[in-house]
Each structure stands twice: as C-alpha cells, then as structure tokens.
Undergrad: 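Shown below is the structure under consideration.
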Amino acid sequence: MFADVDVDVFISNYTIIDPEIYQLWVEGYTFVEAVTLLKQKGGLFADVPPELIASDVQDHYRTYAMLEKFLHAPPKLSEQPTFQICPQDRSLLIEHYYSLDDAVARELFGKKLNARNRKDLDEVADKTGVRLKSCRRQFDNVKRIYKAVEETQGNLACNIRQQFILPEELAQKYAAVVFIACLRFETTKRKLQYLNFKDFYECGQALMTFWTYTYQHSGADYLDTEMDKEFLLDLREIRYLLDKEKEIKHLVSLRLKPTLLERAYQEVESNFRSYYRAIIMIACNLHRTRELRMLFVELTERLIEPWKQNGWTREQVQMFMQCMTQCVLDLEVPRDNQDIRCLWDRYMQVINVCLFRMYHP
C-alpha cells in the first residue's frame, strides 16, 4: 500500500559558537549587560523580542561556562567528547580566551602572581578601563602559562604556542611577560610608569635574543629565561674602553657634526664623557643580579632623563647610539683584546633597542 522509503537520520550535538556573544563573555560582561548591548546594537537583533535575545544569550553563556575548564588546558578542547566543535571555532575559543590587553599586561609587570594580588585587581580594572572579570581572566592566564613554562627547556614562545595552542603573535606577548617575571626586572618604579607594554615587549624580545644562552646555543637544553652568565661576567672586560674615551669621542664627533644642528652637537660634545661612561659602567655591573634587575631604572636615570632635560629627539638618540656602537667596532684593538668587539656588539644590540623604545621625548 505504501512505497518503501529510505530515510537517513543524523543526530548531532554540534556546538554553535557565536563570536559576538563569546567576545562579550570573554570581556567580562554579565548576561544582563550582554543582552542590553546586543539590543542597543541592533543589526540582526533589531527586530528580535528581548526575551528571545535573553534566552539565546543565556544558552551561550551557559555553554561557555562549561567550556572554560577545557580552555584552562587547550589541548583538552579537541579531546573532550561532550562538545562537538569544529577546528575553526576551537581556535577562536582559545585565542579570544587568552587575549591579553596591553594595558592590563603592563599593570601585571612586577606583580607577584599570588592570591593577594588577584584580590587587588580592582585597581587594575579602574586604571585600565577593563572589566574586573576580564582582568581576573588575564591574571589567571598569565599565572597558568608562567607555571607551565617557567622551567621548560627550549624556546619560550614555542613552548607556549605548543602547550596552549596560541597563535605566534599572542605566544610572543606571553613570552615577554613570562621572561620579565622570571628575571624579576624592576618595572614598577614611578619613573618607569611612562613606559607601556610595547616598550617592555620590545626590550624583552631583545634581551631574550641576545643575552640568554640561546644566543650561541640551540636545542631543547637551553632556556630563553636563563641569562648567559658567562657573557655577563665577560662584559667586565669592556672597562678597557674607558681608556679609549678621547679616541671614541673624536670618532663620534667626526660622524655626528655633519648630521646634527650646532646646538645639539655642542650638547653631545659637552656631555659625551657622562653618556659614554654610563653605557660602559652599566655593562660592567650586569653580572650582579641586582644590577641586572635594575637595568631599566639605570638606563632611565643615567641616560634617558639627562637626554630629556637637554631636549634630545628620538632621531638624535638613534643617531648617537648607532654612531657610538660603530665607532667602537671600528676601533683598533690589540690582539689579546679582540673579544671586546664581539662583547660590545652583543651588548649594544640590546642597549640600542631599549634606549630607543624607552625614550619618549
């Protein structure tokens, strides 16, 4: 009587991720606030009754809350059987959850990642304009990543990228935060408050590249978070350059005179000794743990503040430092002091980056 009909039935619990609602959840908006914002925005939600928007948002928020435990260990997100999530949505979930606001990251520099400081994030929220819940998420993420990789051998950013499945740029940001935290660089002094996250990020990248053991060694046995102690000890040999001050000053003057205005040139001439000796003495003391931690403070007090008082521009800082670097490299040195050039070049690779990034006229 009835024709045979073949019916294919497929049942799925595929999890839908709404990027807009998820972003509001990540940023720390409450369910009620999210509903209000979506309704005000209009667009797809313009003609939708408020109760339907509320129901949809509530469902999404409930789902994201259940997913959060898997986001604490991102590889588990693809292994768990509860939620079917496509690779593209998994990447979105992880990348947004581990997003790091530059302003918040700057405030976390120098803070111990303990329960007491987590309770005091209200001040960070007020200062940065980032919601408290989001500040706590970022604090917890930094702490989680720090604990996972601080003693892991190999490249720091690579370890972060692999363990937390983060994109390269985001992994590099966390690497800079972890590096500065591990080495306990002083970043909280009042005179350093003008420096932003990108300033410290660039300085941290230069330090990891040129002053850690990974500069001359590769492989899983070497850590980005371990300074090359032999190099820092060898930097004491740069003291030899103090005796070459007149010669270096002459070479620097010859190079700078055609490029600087007369007033700027005279300022360099008058204060060359102070600047030159500051650069060398900072190098000679870096083997001491405290002096290394105070690097940013030393650069600020000995060089940046005097330059600001004398009206230097960033271009003038760059020209002076490049000229100084090259003049020492061009200097004729005895055979038994040939290592001076290599030490100087490696040292100045970092100092040039730091001074240029830190100088805000």
Undergrad: Verify the neighbour count for atom NZ of K308: are there more than 12 heavy atoms of other residues, nucleotides or ligands below 6.0 Å?
TA: yes
Undergrad: Between C354 and M358, is any pair of side-chain heavy atoms under 4.5 Å apart?
TA: yes
Undergrad: Shared ILVMFWY cluster between Y174 and L113, side chains joined below 4.5 angstrom?
TA: yes
Undergrad: Would a 4.5 Å heavy-atom cut-off, applied to side chains only, mark F70 and L93 as touching?
TA: no
Undergrad: Establish, for the pair R314 and F356, whether the NZ or CZ atom is under 6.0 angstrom from the six-membered ring centre and no further than 45 degrees off its axis.
TA: yes
Undergrad: Evaluate the side-chain proximity of N141 to L100: yes if any heavy-atom separation is below 4.5 Å, no if none is.
TA: no
Undergrad: Spell out, yes or no, whether M319 and L254 are grouped together once hydrophobic residues are joined by side-chain heavy atoms under 4.5 Å, including indirect joins.
TA: no
Undergrad: Do other residues, nucleotides or ligands put more than 12 heavy atoms under 6.0 Å from the CD atom of E151?
TA: no
Undergrad: Answer yes or no: is there a side-chain heavy-atom contact under 4.5 Å between E68 and Y64?
TA: no
Undergrad: Under the ring-ring contact (aromatic ring centres under 6.0 Å, His included) definition, can you give me all pairs with a residue in residues 128-165, not counting sequence neighbours?
TA: Y98-F164
Undergrad: Taking it one step at a time, do R118 and N114 satisfy side chain to side chain contact (heavy atoms under 4.5 Å, CB included)?
TA: CA-CA 6 Å; R118 191 181 189 277; N114 54 29; over 6 Å; no
Undergrad: Is L329 reachable from L235 through a run of hydrophobic residues whose side-chain heavy atoms are each under 4.5 Å from the next?
TA: yes
Undergrad: For K143, is there an ion pair with D140 - N to carboxylate O distance below 4.0 angstrom?
TA: no
Undergrad: Using the ring centroid of each side chain, check whether F320 and W312 are separated by less than 6.0 Å.
TA: yes
Undergrad: Going by distance alone, is a donor N or O of one side chain under 3.5 Å from an acceptor N or O of the other, for E305 and Q309?
TA: no
Undergrad: Would the distance check show the side chain of W344 and the main-chain N or O of T325 forming a donor-acceptor pair, the cut-off being under 3.5 Å?
TA: yes
Undergrad: For residues Q138 and S134, is any side-chain donor paired with an opposing acceptor at under 3.5 Å?
TA: yes
Undergrad: Main chain of M281, side chain of N285: is a donor-acceptor contact present, judged purely on distance under 3.5 Å?
TA: yes
Undergrad: Got a second to check how far R357's CZ is from N352's CG, nearest 0.5 Å?
TA: 14.0 Å
Undergrad: Rounded to the nearest 0.5 Å, how far does CE of M324 lie from CG of L256?
TA: 9.0 Å
Undergrad: Could you grab the distance from atom SG of C182 to atom CE of M227, nearest 0.5 Å is fine?
TA: 12.0 Å
Undergrad: Return the minimal non-hydrogen interatomic distance between M348 and I279, and the atom names on each side.
TA: SD-CG2, 4.0 Å
Undergrad: Taking side chain as C-beta onward, heavy atoms only, is D234 less than 4.5 Å from D339?
TA: no
Undergrad: Walk me through it: do D228 and R346 pass the test salt bridge (charged side-chain N to carboxylate O under 4.0 Å, His left out)?
TA: CA-CA 12 Å; D228 188 338; R346 187 176 173 185; 3.1 Å; yes
Undergrad: Any chance you could lay out the salt bridge (charged side-chain N to carboxylate O under 4.0 Å, His left out) test for E27 and R131, step after step, and finish with the verdict?
TA: CA-CA 7 Å; E27 290 178 5; R131 306 183 81 78; over 6 Å; no
Undergrad: List the steps and the verdict of side chain to side chain contact (heavy atoms under 4.5 Å, CB included) for D89 and C86.
TA: CA-CA 5 Å; D89 282 347; C86 70; 3.5 Å; yes
Undergrad: Check the pair E107, T128 against side-chain hydrogen bond (donor to acceptor under 3.5 Å, both in side chains), reporting the backbone distance first and the verdict last.
TA: CA-CA 9 Å; E107 293 303 312; T128 62; over 6 Å; no
Undergrad: Let me confirm one number: the CG-CG distance from L331 to L241, rounded to the nearest 0.5 Å.
TA: 7.0 Å
Undergrad: Side chain of Y275, backbone of R302: donor and acceptor closer than 3.5 Å?
TA: no
Undergrad: Is the shortest side-chain heavy-atom distance between L92 and P19 below 4.5 Å?
TA: yes
Undergrad: Is it true that, when you exclude E169 itself, more than 12 heavy atoms of the residues, nucleotides or ligands shown sit nearer than 6.0 Å to its CD?
TA: no
Undergrad: Is it true that F109 and F197 have ring centroids separated by less than 6.0 Å?
TA: yes
Undergrad: Hey, does the side chain of S274 reach the backbone of N271 with a donor-acceptor pair shorter than 3.5 angstrom?
TA: no
Undergrad: Would a 4.5 Å heavy-atom cut-off, applied to side chains only, mark I282 and Y347 as touching?
TA: yes
Undergrad: Evaluate the side chain to side chain contact (heavy atoms under 4.5 Å, CB included) criterion for residues Y14 and I85: first the C-alpha distance (whole Å), next the side-chain angles of each, then the deciding distance (0.1 Å), finally the verdict.
TA: CA-CA 6 Å; Y14 180 79; I85 306 171; 6.0 Å; no
Undergrad: Quick test of your reading of the model: are D199 and R106 salt-bridged, counting only N-O distances below 4.0 Å?
TA: no
Undergrad: Applying side chain to side chain contact (heavy atoms under 4.5 Å, CB included) to R184 and T289, what does each step give before you reach the verdict?
TA: CA-CA 10 Å; R184 296 171 61 188; T289 301; over 6 Å; no
Undergrad: Should we count CG of L261 as having more than 12 external heavy atoms under 6.0 Å?
TA: no
Undergrad: When you look at CD of E123, are more than 12 heavy atoms from neighbouring residues, nucleotides or ligands closer to it than 6.0 Å?
TA: no
Undergrad: Heavy-atom count around R239 CZ within 6.0 Å, excluding the residue itself: above 12?
TA: no
Undergrad: Less than 3.5 Å apart, any donor N or O on the side chain of E150 or T225 sitting next to an acceptor on the other?
TA: no
Undergrad: Aromatic rings F296 and F185: how do their planes relate, parallel, tilted or perpendicular, breaks at 30° and 60°?
TA: tilted
Undergrad: Please determine whether the number of non-hydrogen atoms from other residues, nucleotides or ligands lying under 6.0 Å from atom CD of Q88 exceeds 12.
TA: no
Undergrad: Do E226 and T214 have side-chain heavy atoms sitting under 4.5 Å apart?
TA: no
Undergrad: For the residue pair Y22 and W25, does the interplanar ring angle fall in the parallel (under 30°), tilted (30 to 60°) or perpendicular (over 60°) class?
TA: parallel
Undergrad: Just by distance, no angles: are the side chains of E168 and Q172 close enough, under 3.5 Å, to form a donor-acceptor pair?
TA: yes
Undergrad: Grouping I, L, V, M, F, W and Y whenever their side-chain heavy atoms are under 4.5 Å apart, do L166 and L67 come out in a common cluster?
TA: yes
Undergrad: Please report the interatomic distance CD1(I160) to CG(L170), rounded to the nearest 0.5 Å.
TA: 9.0 Å
Undergrad: Evaluate the salt bridge (charged side-chain N to carboxylate O under 4.0 Å, His left out) criterion for residues K111 and D120: first the C-alpha distance (whole Å), next the side-chain angles of each, then the deciding distance (0.1 Å), finally the verdict.
TA: CA-CA 11 Å; K111 291 184 182 293; D120 294 338; over 6 Å; no
Undergrad: What is the minimum heavy-atom distance between L286 and L232, and which atoms define it?
TA: O-CD1, 3.8 Å
Undergrad: For the atom pair SG (C203) and CD1 (I180), what is the distance rounded to the nearest 0.5 Å?
TA: 7.5 Å
Undergrad: Would you kindly confirm whether I340 and L233 end up in one hydrophobic cluster when ILVMFWY residues are joined by side chain heavy atoms under 4.5 Å apart?
TA: no
Undergrad: Going by the angle between their ring planes, with limits at 30° and 60°, are H72 and Y97 parallel, tilted or perpendicular?
TA: tilted
Undergrad: Kindly determine whether R255 and D330 satisfy salt bridge (charged side-chain N to carboxylate O under 4.0 Å, His left out), including the steps that lead there.
TA: CA-CA 12 Å; R255 292 192 181 209; D330 292 342; 2.5 Å; yes
Undergrad: Taking atom types as modelled and ignoring hydrogens, do the side chains of T188 and E186 form a donor-acceptor contact shorter than 3.5 angstrom?
TA: yes
